[in-house]
Structures are given as C-alpha cells and as structure tokens.
Participant: 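Quick one: structure below, then a few questions.
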Number of protein chains: 2
Amino acid sequence: MDTANATKAAIGPIRRETLQHSAVAELRAMILAGELPPGSRVPEMQLCEQLGVSRTPLREALRILASENLVELRPHRGAVVTPIDPNEIAAIFEVMEALESLAAGLACRKGTEAEFAELDALHDQLVAHFQTGNRLAYSTVNRRVHAVIVGMARNPALETTYAGFAAQILRARSLANYDADRWQESLTEHEGFMTALRRRDAAAAGALLAEHSRQTAKAVLRALRGNGAGSGSGDAASGAA
Amino acid sequence: MDTANATKAAIGPIRRETLQHSAVAELRAMILAGELPPGSRVPEMQLCEQLGVSRTPLREALRILASENLVELRPHRGAVVTPIDPNEIAAIFEVMEALESLAAGLACRKGTEAEFAELDALHDQLVAHFQTGNRLAYSTVNRRVHAVIVGMARNPALETTYAGFAAQILRARSLANYDADRWQESLTEHEGFMTALRRRDAAAAGALLAEHSRQTAKAVLRALRGNGAGSGSGDAASGAA
DNA sequence: AATCATCATTTTGTATACAATCTGGCACAA
DNA sequence: TTGTGCCAGATTGTATACAAAATGATGATT
C-alpha cells in the first residue's frame, strides 16, 4: 500500500488535515499571540465565520483548547480565554522548577553529542542577541534552549507537560513586560547551567536550572502583580516565588 | 470547590449536567475499570447506543479523553483506548517521582493540622487493611493518601497533572497484578515518609516519597514487562526505574 | 423609586443528515 | 498464481436544524 500512497502523494499531496485540527492550531496561535486577550469571551458563531468553519469542528477544537487550559468552558455560558491568574502562574512555576530540574538531569545522561552541540550553538545565538539588544530574538532562542533540554530527556510525558505549562507562562509574560535588569541576570544564569551541562554534571545542571526557573518566576510574578493585568482574585499568593 | 457547589446544590439541586460531561465521566470510568481494554477500538456509533447519546456529545467527550491520553484519535480512522506502553509508563513514573517529591515538600509547609490528622487516620486504615489482607481496600486508601498529600501542596497545576498521570498508572497496574512481596515493602515505605511528614520535615519527606515512587515504578514495570501485556515496542526502557 | 416576576433574545447543547475518507474484497490481467 | 485496479460497505468529518438554557430588558407591584 506504500506504493499506492506514494503514487498518489507524488501527484497531489492530498490535503489531509481535519478542519478541527487546523482550527485548534489557529485558535491556539491567536491566543498565544495575545490576539484573543485573556478573559475575553469567545462566542462560537463569531469564531465560525472568522475561521470559516461550522460549529461542530469549532466546538471540538474548543474542547481541546480547554484541556490545555487555554480556554475555560462554562456549561451553557460559553467559553472565555483563560484569564491569567498570578496565583495559577505561581503554581505553574513551582511545578516547572521541578520539571526543568528533572529535565536537566536526564538530559545530561541521555542527550546525544549532536544535541549538546546544538545547545552550544543556541547559547551562542543567545549571547549574540543579548549583545545586539534584540529582545524578541533572545526570548525566542531562550525558549528553544529550554525546549531542546527537555527534549534531550527522552521523556514524552515530561515533554508534553512542560509544553503546556510553557504556553501558560508565555501567555503570562506577553501581558507583562518584565524587568529589564532581569535580562542580564537571565543570561548569567544561562552561562551557569550551560557550563554544568557541558560537564554532563546532572546534579549541578538540575540545581542551576531550578534556580533559573525560580528567578524567572520571581521576575514574571513581580511584573504580573505590579502591572495588575491579571483578572484573578488574589489569595495566598505570597509564598510562591 | 465542594463548598461552592454545595451552596448552589443546597438551594436547588438542579441536576443539569450536560450529556457530554456525563459521557466523559462514564467513558473514563469504563476505561479505568478496564471495561474497555487498552488497544481496543472504540467505534462511535456503538458507544452512542451504549450510552444513549448521539454522536455530537460523544465525539466531544472523546476529544476530552484524548487530551487525557486515555484514548487515541487517528484522523478518519477512529479512536482506540490508548495502549499501555511500558516505556510511556516508565516515563510517567520519572515525572511522578519529581511531582511526589515536590508535593511532599510543599505539603509539609502548607498542609493544615486537620489534613495531617486525616493523613494519620488514612495511614491507620492502610495498616489495618494490610493486616486484614484486603488488597483492594489497601490500594484504594493508598491512592487516597497520595491524593491528600498532593492536595496539601495547594497547587492546582500540580494536582491536575498528578491526577492525569495517576490515572495512567492505575490503568497500567490493573492489567498487571504486580508482585506480592512488594506489598510489605510499600507499607514500610509509607511508614517512613509518614514519620517524616509528622515531623514536617520537607526535605526528608520529599526524598522518601520520591524513593517510594521509584520502588513502585520498578515493581509495576517489572510486572508489566514480565506479563508482556503491553503493546508498545521496546526502546530505551532500561534506565527508568 | 425600588424590587421582583415574566418574557424575548441570544447563545449553547444535542440530534440528525450529508459528504469525504478508509477498509476489505472481488474481478481482471499478466 | 500473483499483482493491480476498482468498487461496495462502513466509519469518520462536517454542516445544519432543532431544543434547552442563560442573559437582559420590560413592566407590574409594593
């Protein structure tokens, strides 16, 4: 059957993406880009004509996004883009700290030479973007560095969980441009755990990445709370960062 | 959340649960009970008449279960109950170890006296069930102990993530009755981390719960692989437990 | 004037009908 | 016999129509 498919595929790459799948991708992009701001209502019919699909695939897409915590579904009351609750973000960072530490340790033991080389290359880009002052490029490469480290852990469960939390944090960051001083600190911390990674020192790398995560959390949360951009109601928010 | 629901329910228990929601609950129960065995195909129409709902809510329910990794959806090819892949389970246990350790540490700092008392009571039940030889009751209480600890961490993100992984592990356990010797070991480990928890010793509790998780992983994976019940293809499975 | 009940509008939840795709088997030719 | 192309059945993806619930406004009553 490979030959049959190959023949057909060679002639025409049969468009084979379900509408719901592309709807999920598009909506997720919209939300992560801040196009649909946190807390905004998301009427189904409006999105239908916006995306050019009917309600059925759109609703299924919303269910998927709800499972990623990108939207909230209230029965009979519609969907809203999940508001950024500083307490939720603080909680996510608590878990992220553990995940990054785990990832770093596993990466030291399971990463390939090629991956370590890629990490080095990415880190060089990071330094370059810092010196150029290109903030957007820096944070893009920054995310990629962490993603590569997580990937090196050879753990799909970890990877999926990490990606979900990373998306939430990205959303939180986008609405609170955080401290400029933090930039220098961040790079210094990157230098630190990169050194540990180059030595394949699992314990040190884990500890340093955890510390990096903790400092990032502190900065993001300070920006979030200072900004007052969140829509959540504060509670036991103190002890988190 | 119980209190909020209780308030409304107290005035008028307007039993209005959407069909999709109850369909999710019922299907999830079926899957976790092993009624729908891992790997089995799940034709939509068959489930429709079995649950007495139409395809629309059922499909949305399947999407939700897919996001929990309880079913897999292949486009145009239907859904199957997610097969138990020992490598996947090993990966989940790796993450669980980190999560349990995190939870124990946080629980020591954030748990209330009432919760610690509840833990003690549950532990007593655990001992009783062990002495009685009631294995089913033991494992039920066992799960509850861990759930309470996780709940004491006051971290919704952690709680949700933990619950998802716990469900997967439960499924894996159900199809491989694991070692009887393990039972005694398990109880001993429970005694250990309970002692640490009573002292509110976050570091020790974290370490002991991580160790407990690691030992459980080893036993479950040995049973899984010995049984040959999984459908996955083996790879880099060795270093996990 | 304020409060409560009632109703119309709007939005979501569900069912069903139609279109596209996959699977398996059959006939036909080499 | 073996391989290929094609067709029929079954299953999924999508659209639309209908039912139920929530929201907001309107009017009556106190």
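Chain letters run A, B, ... following the sequence lines, proteins first, then strands; residues in each count from 1.
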Participant: Glu88(B): what forms a salt bridge (Lys or Arg N to Asp or Glu O under 4.0 Å) with it, not counting sequence neighbours?
Facilitator: none

Participant: Show me the donor-acceptor pairs within less than 3.5 Å that the side chains of residues 42-51 of chain A make with the rest of the protein, sequence neighbours left out.
Facilitator:
residue  : atom : partner  : partner atom : Å
Glu44(A) : OE1  : Arg55(A) : NE           : 2.9
Glu44(A) : OE1  : Arg55(A) : NH2          : 2.9
Glu44(A) : OE2  : Arg59(A) : NH1          : 2.9

Participant: Calculate, to the nearest 0.5 Å, the distance between atoms CD1 and CD1 belonging to Ile84(B) and Ile169(B) respectively.
Facilitator: 10.0 Å

Participant: Test of understanding: with salt bridge (Lys or Arg N to Asp or Glu O under 4.0 Å), list the residues that count as partners of Glu159(A), not counting sequence neighbours.
Facilitator: none

Participant: Tell me the bend of the helix from dA1(C)-dT30(D) to dA30(C)-dT1(D) as the angle between end helix axes, each from five pairs, rounded to the nearest 10 degrees.
Facilitator: 10°

Participant: Taking only residues two or more places apart in sequence or in another chain, which ones pass side-chain hydrogen bond (donor to acceptor under 3.5 Å, both in side chains) with Glu100(B)?
Facilitator: His146(B)

Participant: Check the distance between dG13(D)'s P and Leu73(B)'s CG and give it to me in whole angstrom.
Facilitator: 8 Å

Participant: At under 4.0 Å, does any side-chain N or O of Arg77(A) touch on OP1 or OP2 of dT23(D)?
Facilitator: yes

Participant: Under the side-chain hydrogen bond (donor to acceptor under 3.5 Å, both in side chains) rule, collect the residues that match up with Gln125(B), sequence neighbours excluded.
Facilitator: none

Participant: Expressed in angstrom and rounded to an integer, what is the separation of Gln20(B) atom CD from dT14(C) atom C1'?
Facilitator: 10 Å

Participant: Which residues pass the salt bridge (Lys or Arg N to Asp or Glu O under 4.0 Å) test with Arg77(B), sequence neighbours left out?
Facilitator: none

Participant: Checking Phe116(A) now: which residues fulfil ring pair (Phe, Tyr, Trp, His ring centres under 6.0 Å) with it, not counting sequence neighbours?
Facilitator: none

Participant: Whole-Å distance between dT12(C) C1' and His21(B) NE2?
Facilitator: 16 Å

Participant: Which of residues 49-65 of chain A have a heavy atom under 4.0 Å from DNA chain C?
Facilitator: Arg55(A), Arg59(A), Arg63(A)

Participant: Could you tell me which residues satisfy salt bridge (Lys or Arg N to Asp or Glu O under 4.0 Å) with Arg143(B), sequence neighbours excluded, listed by chain and number?
Facilitator: none

Participant: Send over the distance from Glu44(A) CD to dA22(D) P, rounded to a whole Å.
Facilitator: 15 Å

Participant: So which protein nitrogen or oxygen atoms get under 3.5 Å of nucleotides 6-8 of chain C's nitrogens or oxygens?
Facilitator:
none

Participant: Only pairs at least two apart or in different chains count here, so list each salt bridge (Lys or Arg N to Asp or Glu O under 4.0 Å) that has a residue in residues 20-43 of chain B.
Facilitator: Arg28(B)-Glu68(B)

